[in-house]
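The chains referred to below are lettered A, B, ... by the order of the sequence lines, with proteins before strands, and numbering in each begins at 1. All values below were derived from every heavy atom in this structure, side-chain atoms included, with hydrogens, water molecules and symmetry-related copies excluded.
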Protein chains: 2
Amino acid sequence: MTELGRPARDRAGELGTDLTVGADAVGSSLALVKSAGRVLQILEMFDEIQREARVSEIAERLNFPQSSTSVLLKCLAQMGYLDYDAGSRSFLPSPRVALLGAWLDKGPVRDGSLVRMLEHLSERTGGTVILAARNAIFSQYVHVLQARTAMRFHVPTGTRRLVVWSATGTALLADSPDAEISPLVRRTNAEAMAEQPPIQVAAVMANLARVRRDGHFFSRGLVTPGAGSIAVPLPKRIDRKGRPLAVAISGLVDEFERREAHIVATIQDAIARFLVHMD
Amino acid sequence: MTELGRPARDRAGELGTDLTVGADAVGSSLALVKSAGRVLQILEMFDEIQREARVSEIAERLNFPQSSTSVLLKCLAQMGYLDYDAGSRSFLPSPRVALLGAWLDKGPVRDGSLVRMLEHLSERTGGTVILAARNAIFSQYVHVLQARTAMRFHVPTGTRRLVVWSATGTALLADSPDAEISPLVRRTNAEAMAEQPPIQVAAVMANLARVRRDGHFFSRGLVTPGAGSIAVPLPKRIDRKGRPLAVAISGLVDEFERREAHIVATIQDAIARFLVHMD
DNA sequence: TCCTTTCCATCACATATGTGATATTTATTG
DNA sequence: CAATAAATATCACATATGTGATGGAAAGGA
């Protein structure tokens, strides 16, 4: 049987250690087609470690059984999506995957300036840096740079939060017309009710008002107790199709209380500096 | 130049119509894990059409059963790799996939100048433009721009040719030490013998000598009768890890006979113009 | 509006896939 | 060079997945 409970490394104890924030990433029930999800998890894992890896490491990191991992990797290599180095018995994404999503963005995503901006933010703030996009009723973390501090929240790529009730989600909704909000909240309450107490439209609207007024949104443990997130909507047109994107920095709420102004300034400066040259 | 024997499916009638060149792309026996391959085929298909698509179209293009396609696409959307637009019932890769392979190349692949070069070649020559990388005993077509002419060979992305016996393969091997060739030919004969008569080391070496001397290799129906390909090795360092890549233009062998010098010049000019600024 | 056509979701069975256990291979150590 | 440890491949079964068939929903036409 699969182990649905969180593995031991996730025991968050008392804020004294590495908090792993809930990751419904891709696994479990979300994957109607198991290996479909795994393929992409593997590619995303490489995105994170940026070097070759061997079967055992991949199996361990992603919590796949070793035997399945072995078969899947071999298959991906045969198809030419991974290169296999027999000497080191290690795998690495082939040039073929580099082209997979390339056409999607002629702008900052493709030329790397968006990623550079995220790296810059990571260095400057030390916090967890998150790039989020909307997916149905969720804000999904599309790219995550883990925090550099000793005490940190670990947030896997692919993590999802309710778009109407999270820092990144609020930022993503900043440009949506008011008329869409209320139906969205209803839908959210309908679909995600089991896990959350119902969300109030008024509260969501209040958050939206703030992000629209201030240009950023500070969530004080909106989702994860102890965690603060400062989210900022990215300019439209970052994505080729104009889909909204948002950045957020996450860290300890107490620390972020104090540094709020500075962090906001850092983010906005970074956006201005790194994302100017859009076609 | 000897002409290799080949399976019946390549015997393409009288050259009067659109020849579909054999595509062992990803399907069939190659996919030890069916849906793993399909996921990537889907992403590659979007790369080709560069717009949203609906279930039926995707199923048709890729020859997947509609029911399976439906489930798989829904799953990918749930995981956030595709965006689903309920209005048009269409799917499109999300920004999440744009980042998948981005880290692999800081250079021409990532910033798009490689792709621009390929597009340029497509416009200038009208032929099928192929980017190939090595995968075990194969040269695999990593990116393909279909020809613009009425009479054309259709070559799917993912197609594989023997690296020791194809235009792109010969170009890929140009920088390999001689000592590697003979074992590679033996391995090829061992693994692919059933489909091909044995390949002679001497013939391969002769081809290599030509590509090294001329900087390009013209295959006159080496694999596909009626098709000519002119392949040129790309400079090392295009790929971050220094893996070899090659471009090729394919078309009618008779026409290419005449245009050979011009096409070679066009390719080499394009390489010089588009791929100069490598880090 | 109703009829026709196209497109998609769903079902239940046949089958491909995932997995724990185990064998095999490769690396490490004495 | 054994002997041990680590890593990966393989096997056979349990199970998740793929699929043709079917019905329902949306789009198009009269």
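- Residue A:F138 holds its CZ atom at 8.0 Å from OG1 of A:T188, rounded to the nearest 0.5 Å.
- Distance NZ (A:K34) to C1' (D:dT17): 10 Å, rounded to an integer number of Å.
- Whole-Å rounding puts the B:Y84 OH to C:dC7 P distance at 14 Å.
- Not one side-chain nitrogen or oxygen of A:R38 sits closer than 4.0 Å to the OP1 or OP2 atom of D:dT17.
- The interatomic distance linking B:L72 (CG) with D:dG18 (P) rounds to 7 Å, in whole Å.
- Counting atom types as modelled, A:S67 pairs no side-chain N or O with a base atom of C:dG18 as donor and acceptor under 3.5 Å.
- Between B:L76 atom CG and D:dG18 atom C1' there is a gap of 15 Å when expressed in whole angstrom units.
- At a threshold of 4.5 Å between non-hydrogen side-chain atoms, the residues B:Q41 and B:F64 count as touching.
- Across residues 55-65 of chain B, B:P65 each have a non-hydrogen atom less than 4.0 Å from an atom of DNA chain D (numbered order).
- Nearest nucleotide to the side chain of A:S68, out of C:dC8, C:dG18, D:dG18: C:dG18.
- Considering all non-hydrogen atoms of both residues, A:N189 and A:P198 come closest at OD1-CA, 3.3 Å.
- Separation of atoms OG1 (B:T159) and NE2 (B:H154) is listed at 9.0 Å; rounding is to 0.5 Å.
- Annotation: of the two residues near DNA chain C, A:S35 and A:G87, the 5′-most nearest-nucleotide partner is A:S35.
- Two residues are said to be in side-chain contact when any heavy atoms from C-beta on lie closer than 4.5 Å; A:R134 and A:L173 meet this criterion.
- The base of D:dA6 has none of its N or O atoms less than 3.5 Å from a complementary donor or acceptor on the side chain of A:Q66.
- Atom CG in A:D85 sits about 13 Å away from atom P in D:dT8, given to the nearest Å.
- Nucleotide C:dT24 holds its P atom 17 Å from the CZ atom of A:R89, rounded to whole Å.
- No donor-acceptor contact under 3.5 angstrom links the side chains of A:Y84 and A:E52, judged on distance only.
- Contact annotation: B:R54 reaches the phosphate of C:dC8 (side-chain N/O to OP1 or OP2, under 4.0 Å).
- Between the CG atom of B:L73 and the P atom of C:dC7 there is a distance of 15 Å, given to the nearest Å.
- Judged by the 6.0 Å and 45° rule, A:R160 forms no cation-pi pair with A:Y141.
- The distance from atom NZ of A:K74 to atom C1' of C:dT19 is 15 Å, rounded to the nearest whole Å.
- Under 4.0 angstrom from either OP1 or OP2 of D:dT8 there lies no side-chain N or O belonging to A:S70.
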